[in-house]
Amino acid sequence: MESLILVLVGVLVAVATYLILSKQLLRVILGTAVLSHAAHLLILTMGGLKRGDVPLLGESEGPYTDALPQALILTAIVISFAVTAFVLVLGYRAYKTNGSGNFDELRGTPDE
């Protein structure tokens, strides 16, 4: 099962790389969002499924479950959502100002 998820992560990274290398602003933004989802899935897969009790002292003597991967993913989701929202607004303003979302047209004139 983990190897299937790792293949999915590889496909998501490949799709994100293709989108990021595009000349359209919206595709680049979507590529960064897909890349962040691939990173979240990779962190979750590498954390693995741990079986055990909650890490409360004095409750049980069995193995404890590590909550660090879930905490990292939650933090990464919040940060990537904020960055994606900011870049979407920035792209919208660039489109409204310049009338295009193509990077070649956003570059300006050769005399600048």
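These figures come from a predicted structure and were not determined experimentally.
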Practice problem: Verify side chain to side chain contact (heavy atoms under 4.5 Å, CB included) between L4 and L8, making sure each step is shown before the conclusion. | Solution: CA-CA 6 Å; L4 182 65; L8 178 63; over 6 Å; no

Evaluate the criterion side chain to side chain contact (heavy atoms under 4.5 Å, CB included) for residue pair L12 and L35; output intermediate values, then yes/no.
CA-CA 7 Å; L12 286 175; L35 187 63; over 6 Å; no

Practice task
Verify side chain to side chain contact (heavy atoms under 4.5 Å, CB included) between V28 and L19, making sure each step is shown before the conclusion.
Solution key: CA-CA 5 Å; V28 172; L19 288 173; over 6 Å; no

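Here the OG1 atom belonging to T84 is positioned 8.5 Å from the CD1 atom belonging to I29, to the nearest 0.5 angstrom. Taken from CG in L74 to NE2 in H40, the straight-line distance is 9.5 Å, to the nearest 0.5 Å. Put simply, OG on S22 and CG on L30 are 10.0 Å apart, with the number rounded to the nearest 0.5 Å. Taking CE from M46 and CG from L72, the interatomic distance works out to 14.0 Å, rounded to the nearest 0.5 Å. Taking OG1 of T45 as the reference point, atom CD1 of I5 lies at 4.5 Å (rounded to 0.5 Å).
Considering only heavy atoms from C-beta on, F103 comes within 4.5 Å of L25 through its side chain. Proximity of V34 to V13: side-chain heavy atoms (C-beta onward) are nowhere separated by under 4.5 Å. H37 has its side chain out of reach of S80: every pair of non-hydrogen atoms, C-beta onward, lies at least 4.5 Å apart.
When the options L68, V78, L44, L42 are evaluated for a side chain to side chain contact (heavy atoms under 4.5 Å, CB included) with I73, the one that passes is L44.
I79 and L90 fall within the same hydrophobic cluster, defined by Ile, Leu, Val, Met, Phe, Trp and Tyr side-chain heavy atoms under 4.5 Å apart, directly or through other members. Grouping the Ile, Leu, Val, Met, Phe, Trp and Tyr side chains by contacts below 4.5 angstrom, directly or via other members, places F86 with V83.
Judged purely by atom type and a 3.5 angstrom limit, N102 uses its side chain to pair as donor or acceptor with the backbone of D104. Side-chain atoms of T97 do not come within 3.5 Å of backbone N or O of A94 as any donor-acceptor pair.
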